[in-house]
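Taking it in order: structure first as structure tokens, then the write-up.
Quick caveat: nothing in here was measured; it's all calculated off a predicted structure.
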Amino acid sequence: MLPIDAAAHSSRWRRRHPVDKAVLGLGLTVLAISLPPWPGAVLVIGTALAVLLGPAGVPPRRLWRAYRIPLGFCVSGAVTLLVQVGAPEGFLTLDPNGPARAAGLLLRTSAASLGVLLFAFTTPMSDLLPRLVKAGVPPAVVDVALVTYRMSFLLLDSMTLIRQAQAARLGHTTRAATWRSLAGLGATAFVRAFDRAARLQAGLAGRGYDGTLRVLVPEARISPRFVAASATLLVALATLTLTLHPVLERPLG
């Protein structure tokens, strides 16, 4: 199981309905990409961190381990705005407006990533996917997503065991041995994936599979108070941003 999925299963908000957490987490994401980055994205970052580390109870180290990957993409995307190609001064030169644009993009994307992580750290996929049928998603699409989700963990477990076995047999001592081990890992994982898929199909057929996977979903009800509090928080953030933005953008003197 991935660390973020394990954290979602042990979250304080695990028993809350996914709609409750979607209003807050995805609402923060929408604010991050729609409001001015200064101060909107900064307020969203502060709010998301306060909720994640506070009421949601996400450990700081686990949050950082999950956040550093999307943060790396945010930084790499912002760096490209620092330069311009084909300017009269040269083929590749520094953009005078690059730092401001890069900072804005970095703030927006990092804030939006925290909003998505807020939803991911509190909502297991096993609680979310079965409920998508009621939201209008075709059952066949949900079934494929459930099977893919389950098979992904089995495949990752198999690859971990294979790598451990290769390391115990000195399969990573040299560069040539590492490449051979990598090729063997890919071939073995490919064969095992098809073998597990065939066994899964045989097992479903033996249990009278009729085209729909029926799974037990933990009972949860949408909390009007939680949704109302989340909506109030989002409106307050938007109002505060739109109020402060003209003041902060006003030149001094």
Side-chain angles (χ1 to χ4, degrees), residues 4 7-8 11-14 16-84 94-123 128 135 222-253:
I4 191 171
S11 171
R12 296 176 185 173
W13 289 356
R14 163 71 193 280
R16 288 195 174 277
H17 198 281
V19 171
D20 294 350
K21 295 168 283 189
V23 171
L24 179 58
L26 303 184
L28 289 174
T29 301
V30 172
L31 290 183
I33 61 179
S34 59
L35 293 176
W38 175 254
V42 177
L43 293 175
V44 170
I45 290 175
T47 304
L49 288 175
V51 175
L52 280 164
L53 301 177
V58 179
R61 181 175 298 181
R62 184 170 290 180
L63 174 61
W64 168 245
R65 291 184 63 183
Y67 184 49
R68 62 186 179 182
I69 297 177
L71 183 60
F73 285 100
C74 297
V75 173
S76 61
V79 167
T80 60
L81 297 180
L82 297 176
V83 297
Q84 56 184 351
L94 293 177
D95 187 351
N97 300 322
R101 295 168 57 193
L105 178 63
L106 180 59
L107 287 174
R108 285 184 188 276
T109 52
S110 56
S113 299
L114 280 175
V116 175
L117 285 177
L118 174 58
F119 183 74
F121 264 108
T122 56
T123 310
L128 174 64
I222 299 175
S223 173
R225 296 177 62 182
F226 189 92
V227 172
S230 300
T232 302
L233 176 62
L234 297 175
V235 172
L237 287 174
T239 303
L240 183 60
T241 299
L242 297 178
T243 302
L244 293 179
H245 178 65
V247 178
L248 296 175
E249 290 294 318
R250 187 182 305 164
L252 297 177

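Partner of Lys21 under the side-chain contact (heavy atoms from CB on, under 4.5 Å) criterion, out of Leu26, Leu118, Thr122: Thr122 alone.
Considering only heavy atoms from C-beta on, Leu114 stays 4.5 Å or farther from Leu28 through its side chain. With contacts defined as side-chain heavy-atom distances shorter than 4.5 Å, the pair Val58/Ser11 does not qualify. In this structure the side chain of Trp38 never reaches within 4.5 angstrom of the side chain of Leu43, judged on heavy atoms. With a 4.5 Å cut-off on side-chain heavy atoms, Ser110 and Ile45 count as touching. Between Arg62 and Phe121, the closest side-chain pair of non-hydrogen atoms falls below 4.5 Å.
A distance of 9.5 Å separates NE2 of His17 from CG of Leu128, quoted to the nearest 0.5 Å. Atoms CG and OG1, on Leu105 and Thr109 in that order, are 5.0 Å from each other to the nearest 0.5 Å. Here Thr47 contributes atom OG1 and Leu31 contributes atom CG; the two are 9.0 Å apart, rounded to the nearest 0.5 Å. To the nearest 0.5 Å, the span separating CG on Leu24 from CZ on Arg16 amounts to 10.0 Å.
Between the side chain of Asp20 and the backbone N or O of Ser223, at least one donor-acceptor pair lies under 3.5 Å. Remark: side-chain polar atoms of Arg108 are paired, donor with acceptor, to backbone N or O of Ile33 under 3.5 angstrom.
Between Ser113 and Cys74 the shortest heavy-atom distance is OG-SG, 3.9 Å. When all heavy atoms are compared, the tightest approach of Pro37 to Gly104 is CB-O, 3.7 Å. Nearest heavy atoms, Leu82 versus Ala102: CD2-CB, 3.8 Å. Minimum heavy-atom separation, Pro70 to Ala66: CD-O, 3.1 Å. The minimum heavy-atom distance between Ser230 and Val23, with the atom names listed, is CB-CG1, 4.0 Å. Between Gly40 and Leu35, the shortest heavy-atom contact is CA-CB, 4.4 Å.
Here Trp13 and Phe119 keep their ring centres 6.0 angstrom or further from each other.
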